[in-house]
Amino acid sequence: MTHTDSRTMRRVLRREIAGTIGLLTDEHDFRAMRRYRSFTFDDHAAYLKHVEGLLRTRALQGSHTTVALFDPEEYAEFCTQKGLDPDNPSSRTRFTARLAVTGPTLPYEGQPLSDLLPALVDEAVRQATWEYATTLLARLGACTSCGEDIGRAAFARASDLLIRILDTAPPGNRHLVCSVTGPPETLVAALHVADTGGEVELDETEALEFATVLALGLATESPGGLVIRASAPGNPDRVYGWRLRAYGLEPLTAGEVFDAYCTDVESGDLISPESNVDYCEPPDLGEVDPAQGHNH
């Protein structure tokens, strides 16, 4: 009886343990891990099938599982830094445990792996974009004229602009995209804002990342733009935006917004405009002095 009770209690405790699985999302990373003899999988599709089966089993048992993006190069560096044997399952376990804290992760909630994989990659891109933009802002240092921290001032300015944009937006759900062009690549941040009818809901992490990318564009005077799409039931979607300027935003005309949405980026060919969409000029952000702030 005592033995049975012990097994029952262990099963109960097992459900209380949250787990993390490091996932190899693409064939290239999977092949990189096959150089380790202790990594016994030889087919990526079969590997993903087994992972999905494990995730479903844990969910049925009431266990919570987080899925992390497993990068073989980062894993090799981790093993070198910690003096671990990379061809050892326990080393992969330690690396995965660190990913649970520092890496891009998503909770498994019963969704198909075909949906989870691209979402996990998107999460990794988001985190990398924010970390890169944050690093560049920090490197700007202090202004030689007044001593103010340029990155911090730009972030405060970007946060203020974001609040003004949301305050002046029409009712409905809003989707914002900010892009900043510069070497070595273009940085893109997106922000989804839900309007529940009186209360606006947004993800604070998304808002932080969005403001950071916008701040980088403002501080470095890099080419870029910000567009917003507002959607409300029974009304056409409204699309408008701004181009980034030194420490501020310059409104795009309705024609410029139309051209941006109805032109193929790669070929330059015209694309048919979406139905039930108004391409329009942005509202006044209500700034007393749009050029105010750290702009010297």
Side-chain angles (χ1 to χ4, degrees), residues 15 17-36 38-79 86-87 89-133 173 175-179 184-194 202-210 212-213 265-266:
R15 291 198 298 266
I17 300 174
T20 302
I21 293 178
L23 186 60
L24 297 161
T25 59
D26 60 46
E27 188 75 38
H28 178 268
D29 288 346
F30 181 81
R31 287 198 303 268
M33 290 301 294
R34 287 198 61 200
R35 67 177 180 264
Y36 303 121
S38 61
F39 186 78
T40 57
F41 293 97
D42 57 11
D43 181 80
H44 189 230
Y47 160 80
L48 292 178
K49 185 176 181 180
H50 284 297
V51 169
E52 187 161 27
L54 175 61
L55 289 171
R56 288 175 175 171
T57 299
R58 286 180 55 83
L60 289 173
Q61 293 173 345
S63 299
H64 174 80
T65 309
T66 298
V67 181
L69 189 67
F70 194 104
D71 186 307
E73 292 185 6
E74 291 184 5
Y75 170 63
E77 293 175 1
F78 172 80
C79 290
D87 199 358
S90 66
S91 299
R92 292 195 288 275
T93 300
R94 288 184 59 176
F95 178 68
T96 301
R98 194 192 71 161
L99 289 179
V101 179
T102 64
T105 62
L106 287 177
Y108 176 71
E109 298 174 330
Q111 67 270 51
L113 209 57
S114 57
D115 293 338
L116 184 62
L117 288 179
L120 185 59
V121 172
D122 287 345
E123 182 66 21
V125 172
R126 274 182 51 192
Q127 182 169 318
T129 297
W130 174 70
E131 290 176 352
Y132 181 65
N173 296 328
H175 177 67
L176 293 79
V177 176
C178 178
S179 61
E185 59 186 338
T186 298
L187 299 182
V188 179
L191 176 62
H192 306 270
V193 182
L202 56 78
D203 185 294
E204 292 184 2
T205 300
E206 272 193 9
L208 173 63
E209 294 165 350
F210 191 92
T212 302
V213 171
V265 176
E266 295 183 357

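Keep in mind that this is a model prediction, so the values were computed, not measured.
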Which value, rounded to the nearest 0.5 Å, describes the distance between [X] atom [atom1] and [Y] atom [atom2]?
{"X": "Tyr36", "Y": "Cys79", "atom1": "OH", "atom2": "SG", "value": "6.5 Å"}
{"X": "His50", "Y": "Asp43", "atom1": "NE2", "atom2": "CG", "value": "9.0 Å"}
{"X": "Glu209", "Y": "Glu206", "atom1": "CD", "atom2": "CD", "value": "7.0 Å"}
{"X": "Thr105", "Y": "Ile21", "atom1": "OG1", "atom2": "CD1", "value": "12.5 Å"}
{"X": "Leu23", "Y": "Thr66", "atom1": "CG", "atom2": "OG1", "value": "12.5 Å"}
{"X": "Leu48", "Y": "Phe41", "atom1": "CG", "atom2": "CZ", "value": "10.0 Å"}

His175: which residues meet the side chain to side chain contact (heavy atoms under 4.5 Å, CB included) condition with it, sequence neighbours left out?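 Result, side chain to side chain contact (heavy atoms under 4.5 Å, CB included) vs His175: Val177, Ala190, His192.
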Decide yes or no for [X] and [Y]: does some side-chain heavy atom of the first lie under 4.5 Å from some side-chain heavy atom of the second?
{"X": "Leu60", "Y": "Thr57", "answer": "no"}
{"X": "Arg126", "Y": "Pro104", "answer": "no"}
{"X": "Leu54", "Y": "Thr65", "answer": "no"}

Which heavy-atom pair separates [X] from [Y] by the least distance, and what is that distance?
{"X": "Leu187", "Y": "Ala133", "result": "CD1-CB, 4.2 Å"}
{"X": "Asn173", "Y": "Ala194", "result": "OD1-CA, 3.3 Å"}
{"X": "Ala124", "Y": "Leu69", "result": "CB-CD2, 3.4 Å"}
{"X": "Leu191", "Y": "Phe210", "result": "CB-CD1, 3.8 Å"}
{"X": "Gly22", "Y": "Thr96", "result": "N-CG2, 3.5 Å"}

Enclosure of Arg94 CZ (heavy-atom neighbours >12, cutoff 6.0 Å):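 No - once you tally the heavy atoms of other residues, nucleotides and ligands closer than 6.0 Å, there are 12 at most.
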For atom CZ of Arg35, decide whether the heavy atoms of other residues, nucleotides or ligands shown that lie under 6.0 angstrom number more than 12.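 Yes, because the 6.0 Å sphere around CZ of Arg35 holds more than 12 heavy atoms from other groups.
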Among pairs that include at least one residue of residues 91-118, which meet ring-ring contact (aromatic ring centres under 6.0 Å, His included), considering only residues two or more places apart or in two chains?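 Every pair satisfying ring-ring contact (aromatic ring centres under 6.0 Å, His included) with a residue in residues 91-118: Phe70-Phe95, Tyr75-Phe95, Phe78-Phe95.
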Under the rule for side-chain hydrogen bond (donor to acceptor under 3.5 Å, both in side chains), what residues qualify as partners of Ser38, not counting sequence neighbours?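 If we apply the side-chain hydrogen bond (donor to acceptor under 3.5 Å, both in side chains) test to Ser38, skipping adjacent residues, the hits are Asp87, Arg92.
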Where the side chain of [X] meets the backbone of [Y], is there a donor-acceptor pair that is under 3.5 Å apart?
{"X": "His44", "Y": "Leu24", "value": "yes"}
{"X": "Thr93", "Y": "Pro89", "value": "yes"}
{"X": "Arg56", "Y": "Gly110", "value": "no"}

Parallel, tilted or perpendicular for Phe30 and Tyr47, by the 30°/60° rule?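 Ring orientation of Phe30 relative to Tyr47: tilted.
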